[in-house]
Amino acid sequence: IYSGCCNMSESRSEIAKIIENQQMNKNSSVDETKIQKRTVVFCFLLNDKKYAIGIEYIDSISEVVTITHIPTVPDYVLGISNIKGGIVGVVELKIILNLSVNEKMASDSRIVILNVRGIKVGFLVDAITGIESIFVDKICKPAVSNRYVVGEIKDSDDFLSILDVEQLIYQNRVDIS
């Protein structure tokens with residue numbers, strides 16, 4: 001059972017810190033086999049690949065509504081949208097992650113509204129797969145270096161890349177709220 005959120009004033013995501021601590025504790029004499037820590041993540045698809053972000057960042061989810069283009073913004077900023085009475089900047093996450101962008105949006109596409117230290121931004125995703133509670137010790141460093149992917153989990157046929165939301169927001173200066 002998920003018992004709370006990470007402190008939003010911290011500079012790195014909870015999952016990034018977990019991975020960092022795992023690397024430091026590999027040579028530790030503490031027997032952590034009896035401790036089965038879990039974290040809760042929100043999972044979604046981009047180009048049929050599964051991604052996750054810490055649940056503590058999720059504000060809400062919206063069907064894709066009209067997105068108004070804003071001139072002279074970076075190409076990953078799709079524009080702004082009126083979602084539940086508030087104006088939210090909408091970002092094409094695929095461009096930031098260097099993935100191919102489909103010309104036509106899928107019927108399952110959604111806008112995931114995040115709240116990161118008071119900044120609200122919407123990420124366009126292909127589909128939502130759910131919320132998962134994952135064992136922290138199953139999170140590994142990414143096989144391929146990527147400043148936005150803090151960890152990966154391979155479980156049978158399922159592969160999950162965990163994104164560092166704060167890195168996505170602040171490295172790209174996504175402050176269009």
Undergrad: For the atom pair CD1 (I55) and OG1 (T39), what is the distance rounded to the nearest 0.5 Å?
TA: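 It is 9.5 Å, given to the nearest 0.5 Å.
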
Undergrad: Taking all atoms of both residues into account, what is the closest heavy-atom pair of V125 and I128, and its distance?
TA: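 Smallest interatomic distance, heavy atoms only, reads CG2-CG1, 4.3 Å.
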
Undergrad: If you measure from OG1 on T66 to CG on N82, what distance do you get to the nearest 0.5 Å?
TA: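 CG of N82 is found 9.5 Å from OG1 of T66.
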
Undergrad: Does the pair C43 and V41 meet the rule for a side-chain contact (heavy atoms from CB on, under 4.5 Å), with working shown?
TA: CA-CA 6 Å; C43 303; V41 294; 3.9 Å; yes

Undergrad: Using 4.0 Å as the upper bound for N to carboxylate O, is an ion pair formed by R117 and E166?
TA: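 The answer is yes: the pair qualifies as a salt bridge.
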
Undergrad: Among residues two or more places apart or on two chains, list those pairs meeting salt bridge (charged side-chain N to carboxylate O under 4.0 Å, His left out) that have a residue in residues 89-100.
TA: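 The answer is K94-D126.
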
Undergrad: Taking the side chain as every heavy atom from C-beta outward, state whether V116 and Y170 have any atom pair closer than 4.5 Å.
TA: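 When only atoms from C-beta onward are counted, Y170 and V116 do touch, with a gap below 4.5 Å.
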
Undergrad: Report yes or no: do V144 and I139 belong to one cluster of Ile/Leu/Val/Met/Phe/Trp/Tyr joined by side chain heavy-atom distances under 4.5 Å?
TA: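 No, it is not one cluster - the side chains of V144 and I139 are not joined through contacts under 4.5 Å.
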
Undergrad: Would you say R110 and S62 make side-chain contact, with heavy atoms under 4.5 Å?
TA: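 Of all side-chain heavy-atom pairs linking S62 with R110, none is under 4.5 Å.
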
Undergrad: Between N115 (side chain) and G118 (backbone), is there a donor-acceptor pair under 3.5 Å?
TA: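 A pair under 3.5 Å: yes.
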
Undergrad: Would you mind reporting whether I162 and V149 have side-chain heavy atoms less than 4.5 Å apart?
TA: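 They are not in side-chain contact.
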
Undergrad: Could you grab the distance from atom CD1 of I53 to atom CG of L163, nearest 0.5 Å is fine?
TA: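 That separation rounds to 7.5 Å.
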
Undergrad: Is there a path of hydrophobic side-chain contacts, each under 4.5 Å between heavy atoms of I/L/V/M/F/W/Y residues, joining L45 to V64?
TA: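 V64 and L45: separate clusters.
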
Undergrad: Atom CD1 of I67 and atom CG of L78: how far apart are they, to the nearest 0.5 Å?
TA: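 It comes to 5.0 Å.
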
Undergrad: Output all residues satisfying salt bridge (Lys or Arg N to Asp or Glu O under 4.0 Å) with K50, sequence neighbours left out; order by chain, then residue number.
TA: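 K50 satisfies salt bridge (Lys or Arg N to Asp or Glu O under 4.0 Å) with E132, D158 once adjacent residues are dropped.
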
Undergrad: Begin with the C-alpha distance, continue with both residues' side-chain angles, and end with the deciding distance and a verdict on side-chain contact (heavy atoms from CB on, under 4.5 Å) for L93 and L124.
TA: CA-CA 6 Å; L93 196 50; L124 181 64; over 6 Å; no

Undergrad: For the CG atom of N98 and the OH atom of Y76, what is their distance to the nearest 0.5 Å?
TA: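 OH of Y76 is found 12.5 Å from CG of N98.
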
Undergrad: What do the steps show when you test Y148 against I96 for side-chain contact (heavy atoms from CB on, under 4.5 Å), and what is the final call?
TA: CA-CA 9 Å; Y148 304 120; I96 295 173; 3.7 Å; yes

Undergrad: For residues I111 and V65, report the shortest heavy-atom separation together with the two atoms involved.
TA: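 Looking at all heavy atoms of both residues, the shortest contact is CD1-N, 4.3 Å.
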
Undergrad: Is the closest side-chain heavy-atom distance between F123 and L168 below 4.5 Å?
TA: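 Sidechains of L168 and F123: in contact.
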
Undergrad: Could you check whether any side-chain heavy atom of E152 comes within less than 4.5 Å of a side-chain heavy atom of L160, counting everything from C-beta outward?
TA: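 No, their side chains stay 4.5 Å or more apart.
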
Undergrad: Would you indicate whether the side-chain heavy atoms of V91 and V121 approach each other to under 4.5 Å?
TA: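 Yes. Closest side-chain heavy atoms under 4.5 Å.
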
Undergrad: Counting C-beta onward and ignoring hydrogens, is there a side-chain heavy-atom pair between S81 and I87 closer than 4.5 Å?
TA: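 No - every pair of side-chain heavy atoms lies 4.5 Å or more apart.
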
Undergrad: Is R38 reaching over with its side chain to a backbone N or O of S133, donor-acceptor style, under 3.5 angstrom?
TA: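 Present.
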
Undergrad: Could you walk me through whether F44 and D108 pass the side-chain contact (heavy atoms from CB on, under 4.5 Å) test, one step at a time?
TA: CA-CA 11 Å; F44 56 91; D108 290 340; over 6 Å; no

Undergrad: With rounding to the nearest 0.5 Å, note down the distance linking OG1 in T129 to CZ in F42.
TA: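 That separation rounds to 7.5 Å.
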
Undergrad: Does F159 reach the side chain of I153, with side-chain heavy atoms less than 4.5 Å apart?
TA: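 F159 vs I153: side chains apart.
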
Undergrad: Closer than 4.0 angstrom, basic N to acidic O: yes or no for K120 and D59?
TA: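 So K120 pairs with D59 through a salt bridge.
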
